Structure formats: C-alpha cells, structure tokens
Amino acid sequence: MRLAKRVSTLKPSATLEINAKAGAMKAEGIDIIGFGAGEPDFDTPEHIKKAAIDALKKGYTKYTPVSGINPLKDAIIAKLQRENRLTYNREEVMVSCGAKHALYNIAQAMFEEGMEVIIPAPYWVSYPELILLSGATPVFTDATEEEGFLLTVEKFERAITSRTRALILNYPSNPTGATYDLDTLEGIAEVAIRHNIFIISDEIYEKILYTDFHHISIASLSNKIKELTILVNGLSKAYSMTGWRIGYVAGQKELITAMNNIQSQSTSNPTSFAQYGGVDALNGSQDEVLKMREEFRKRRDYIVRRLNMMKGMSCFNPAGAFYVFPKFSHYYGKLFKGHPIKNSIDMTEYLLKEGRVAVVPGITFGADDYLRLSYATSMKNIEEGLNRIEEALTKLE
Ligand SMILES: *Cc1c(COP(=O)(O)O)cnc(C)c1O
C-alpha cells in the first residue's frame with residue numbers, strides 16, 4: 001500500500017518495542033525485571049479517582065469545550081500562579097490529551113518546511129519525530145556527562161541559524177534526570193530573546209525533583225521570555241495519571257487559538273470525566289505527590305550507588321525524574337561467547353537475553369554510550385535487577 005511520505009520515515013517508539021520483546025519473553029514464562037517503564041508504578045491517588053467517579057455519576061459524560069472545561073483551566077491558571085509565579089488567562093491555556101498531544105499540536109501550529117528546531121541531546125524520543133511530522137528539521141546539540149547532560153548557552157547560540165524557530169527544553173530531563181539552574185536558564189533566555197527564538201519548555205517532571213532548589217520555569221524569568229515560551233506540563237508523571245491523558249499548554253493567545261482549531265478538527269476535547277479528576281489533582285491535597293517523590297528518591301540513591309560500584313561503570317546522579325542514565329560503553333567491544341557487543345542496542349539485547357532485564361538503549365535518546373533504566377519499579381525489583389546486570393557484565397570478556 002502506498003502511504004504518505006511523512007510516515008515512511010516515522011519511527012515507532014523504541015521504548016514500546018523493547019517492552020513488547022520483554023512482554024513476549026514474559027509470556028513464555030521467563031521472568032524479566034523491567035527497567036523500561038516510562039510511568040510511575042504507583043496508583044493514582046484515591047481523591048482524584050473519586051472526583052472522576054463523581055463526575056461520571058453526575059452525568060459529565062458529554063463533549064466539553066475543545067480546549068478544556070473552565071474549572072480545569074482555572075485550576076491550571078491557579079497552579080501556574082501559585083507554583084511558578086506565572087500569570088495567564090483562560091485564552092492562554094489549553095488542555096490536551098496528554099502532554100505529548102500538546103507537543104504535537106504545538107508542532108503542527110508553529111512549524112513547517114524550512115524551519116529548524118533545536119533539540120538538545122540526550123532528548124526524549126518523541127521530539128525529533130514530532131518535529132519531522134510538522135515538516136521542520138530537528139537540529140541536535142550534544143552534551144557530555146561532564147556538562148551535566150545539559151545544553152550550554154554557547155552551544156545553544158552556535159546551533160542558531162536564520163531558520164531557527166524554536167528550542168525544546170525538557171527539565172528535569174527524560175532520560176538523564178538533569179535539570180537547569182537559574183544561571184543557565186537566564187543565559188538561555190537572553191540568547192532566545194536576542195535571536196527571537198521560541199522556547200518549548202516541557203516541565204512534566206517538575207514535581208519529581210530532589211534538589212534543594214525549586215523548579216524554575218524559564219517563562220517566569222521576565223515578561224519578554226514569557227512571551228517566547230510555550231509551557232508544556234501534564235498530570236501523567238506527577239500524579240501517576242498516565243492513562244488519563246490530561247496535559248496542558250500555556251502560551252500566547254494566538255498560538256492557543258491555532259492549537260484549539262487543530263484540536264477541534266482532530267481529537268476534540270480531552271475525556272470529560274478525566275478533566276474533572278484533573279481539577280482535583282491540581283486543587284486537592286499534594287501529600288501523595290510528595291510521598292511518591294520521597295519513594296523515588298530512596299530508589300535513586302540506591303540505584304546510583306549500586307551502579308557506580310560496578311566495574312567500569314559510571315552513573316550520573318539525576319536531580320529529578322525517575323530514570324538513571326549510566327554509561328555502559330566500557331563494555332562495548334567486549335565479547336559474549338565470541339559475539340561482540342558493539343553498542344547500546346547490542347547491550348540492551350544482551351541484558352534482555354542473558355540478564356533477563358529490560359532496559360532502553362541510549363541511542364534512542366541520541367546517546368549511544370548509555371542505557372536508560374527507569375526506577376519506577378519496586379525496591380525488590382531494583383535490587384534483583386541490578387544483581388542480574390552485575391552478573392551479566394562479568395560474563396563479558
Ligand atoms: C512522559 C513524557 C511526556 C508525555 O506525557 P503525557 O502527558 O502522558 O503525554 C512528555 N514529555 C516527556 C519528557 C515525558 O517523559
């Protein structure tokens with residue numbers, strides 16, 4: 001069948017692929033420890049579920065306004081004011097079917113052929129594909145572990161051409177967990193303003209942060225940078241609500257209106273009762289969020305320490321999110337029963353077959369020396385999984 005050109009180069013999510021392979025092995029009765037998960041392993045807090053159930057009982061089961069119900073927009077506006085010191089009105093916020101959908105709408109509304117969008121590597125797997133689907137060209141910058149896996153102001157400025165339209169920032173980062181401090185954000189904002197470049201700021205891991213400083217939204221640094229920032233956030237990670245599909249955007253009214261038009265001709269509104277649950281997530285008690293963060297912090301401390309104790313391994317201490325991004329390249333070039341392990345894909349397959357652990361190869365995030373391990377799984381699984389990795393590595397020669 002002849003398909004559109006735009007899908008001929010589209011890659012399916014590598015994370016989902018490795019999960020499918022691990023799932024097939026599990027179905028055969030092989031016990032696999034999964035470090036692949038891109039979602040919290042906790043249940044959605046009870047009060048949020050109850051709000052959605054109440055909405056169902058009240059009959060809120062019909063279409064809503066395309067860009068979201070006013071109570072949810074108001075909860076988002078209040079959250080942005082309270083936590084990020086940002087002022088928006090209802091025409092400057094919009095609810096989508098997850099942050100990923102919000103990013104898709106942004107790309108469709110802002111980008112086209114001939115434009116460039118800067119994506120700092122290591123990057124979240126969907127950014128390049130979302131940009132390619134819009135017709136624009138992703139331009140990658142690299143960052144070393146020594147740079148904290150973060151974009152530097154110099155590298156940002158060097159990547160800018162006359163075609164550059166936007167920069168995608170994601171902090172705390174998936175896959176590295178790295179986050180920006182105030183100085184770097186100010187430097188990036190200054191360059192963006194000087195060159196009139198938009199910043200898409202994906203802050204979905206904002207609440208899973210272990211530093212002693214708070215998350216700083218780049219939009220809050222000045223009115224000028226607020227005008228250039230399109231802030232993306234959602235409920236999936238903070239409230240363990242990945243299946244609910246509620247994400248949101250805040251930005252200039254013109255852009256929100258364009259995105260509203262796109263959404264009105266594609267998905268229409270996000271699910272009605274999920275939106276009511278979302279109101280309670282943002283307005284209700286945040287106790288569960290803090291509990292989840294503290295549990296993640298314990299796991300992070302353990303997993304980083306264990307990985308750093310393994311021979312030839314180094315593991316960056318992430319400031320946030322629930323991933324570690326250890327460097328495995330010490331083992332590239334080594335042999336298992338005569339077969340070389342050349343890169344992160346080989347290592348991932350080796351660890352799955354010989355170690356019975358599922359991880360995600362770094363190449364999918366633009367950094368082949370590394371693997372991504374999610375610690376959104378129980379401490380017991382983490383301990384056992386790390387034992388297996390350690391043992392599998394000793395078999396390489
Ligand atoms: C999970 C994730 C998203 C998407 O979240 P949804 O709201 O579930 O669509 C966006 N950006 C990053 C970096 C993520 O890790």
Side-chain angles (χ1 to χ4, degrees), residues 12-41 121-122 125 144-145 149 174-177 295-296 298-318 321-397:
S13 160
T15 334
L16 299 183
E17 238 171 282
I18 187 91
N19 284 347
K21 259 190 205 168
M25 286 174 76
K26 269 187 197 163
E28 284 171 37
I30 304 168
D31 98 280
I32 303 283
I33 303 250
F35 286 113
E39 59 184 346
D41 53 316
V125 287
T144 62
E145 195 172 334
F149 291 122
N174 176 2
T176 68
E295 183 56 34
F296 281 137
K298 275 185 221 156
R299 297 174 188 175
R300 176 202 65 164
D301 290 348
Y302 176 77
I303 198 167
V304 168
R305 190 164 49 80
R306 279 284 311 270
L307 284 167
N308 273 319
M309 276 159 50
M310 291 182 198
K311 191 172 162 249
M313 194 82 82
S314 75
C315 182
F316 174 80
N317 193 26
F322 41 72
Y323 311 100
V324 283
F325 206 54
K327 189 173 190 171
F328 272 74
S329 54
H330 171 77
Y331 289 93
Y332 297 175
K334 293 196 188 284
L335 307 174
F336 177 67
K337 294 185 176 160
H339 294 286
I341 307 249
K342 297 182 298 291
N343 50 38
S344 63
I345 302 255
D346 290 354
M347 182 56 92
T348 298
E349 281 182 5
Y350 171 70
L351 289 178
L352 188 59
K353 284 192 193 125
E354 286 303 314
R356 289 169 297 127
V357 294
V359 301
V360 186
I363 187 75
T364 56
F365 309 99
D368 197 34
D369 285 352
Y370 301 84
L371 300 182
R372 191 192 76 176
L373 279 66
S374 156
Y375 47 92
T377 183
S378 70
M379 209 49 168
K380 194 169 147 270
N381 277 343
I382 292 172
E383 280 179 41
E384 171 62 19
L386 290 173
N387 291 344
R388 291 183 186 186
I389 290 174
E390 196 159 27
E391 198 193 318
L393 292 177
T394 60
K395 291 183 196 160
L396 296 176
E397 46 201 28

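Small disclaimer: the values here were computed from a predicted structure and weren't measured.
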Query raised in the report: Applying ring pair (Phe, Tyr, Trp, His ring centres under 6.0 Å), which residue pairs with at least one partner in residues 366-397 are found, sequence neighbours left out?
Result: F149-Y370, F325-Y370
Requested in this report: To the nearest 0.5 angstrom, please state how far the CD atom of E354 sits from the CZ atom of F336.
Outcome: 3.5 Å
Report task. Taking side chain to side chain donor-acceptor pair (under 3.5 Å) as the test, write out the residues that go with D301, two or more places apart. Result -> none
Report summary line: With sequence neighbours left out, the residues meeting side chain to side chain donor-acceptor pair (under 3.5 Å) with S344 are D368
Report task. Name all residues meeting the side chain to side chain donor-acceptor pair (under 3.5 Å) criterion together with K342; count only those two or more places apart in sequence or in a different chain, and write none if there are none. Result -> D346
**Report entry** Set of side chain to side chain donor-acceptor pair (under 3.5 Å) partners for D41, sequence neighbours left out
**Finding:** R299
Query raised in the report: Any side chain to side chain donor-acceptor pair (under 3.5 Å) pairs touching residues 25-34, not counting sequence neighbours?
Result: D31-R356, D31-R388
Report summary line: Nearest heavy-atom contact between M25 and I32 is CE-CD1, 3.7 Å
Requested in this report: Check whether any side-chain N or O of S378 sits under 3.5 Å from a backbone N or O of N381 as a donor-acceptor pair, and report yes or no.
Outcome: yes
Requested in this report: Would you check if the side chain of N308 reaches a backbone N or O of C315 as a donor-acceptor pair within less than 3.5 Å?
Outcome: yes
Query raised in the report: For the residue pair P326 and L307, what are the closest heavy atoms and their distance?
Result: CG-CD1, 3.9 Å
Report summary line: For P318 and T176 the tightest heavy-atom approach is CB-O, 3.5 Å
Query raised in the report: Nearest heavy-atom pair of A392 and L351: which atoms, and what distance?
Result: CB-CD2, 4.0 Å
**Report entry** Side-chain donor or acceptor of R372 paired with backbone N/O of G36 under 3.5 Å
**Finding:** yes
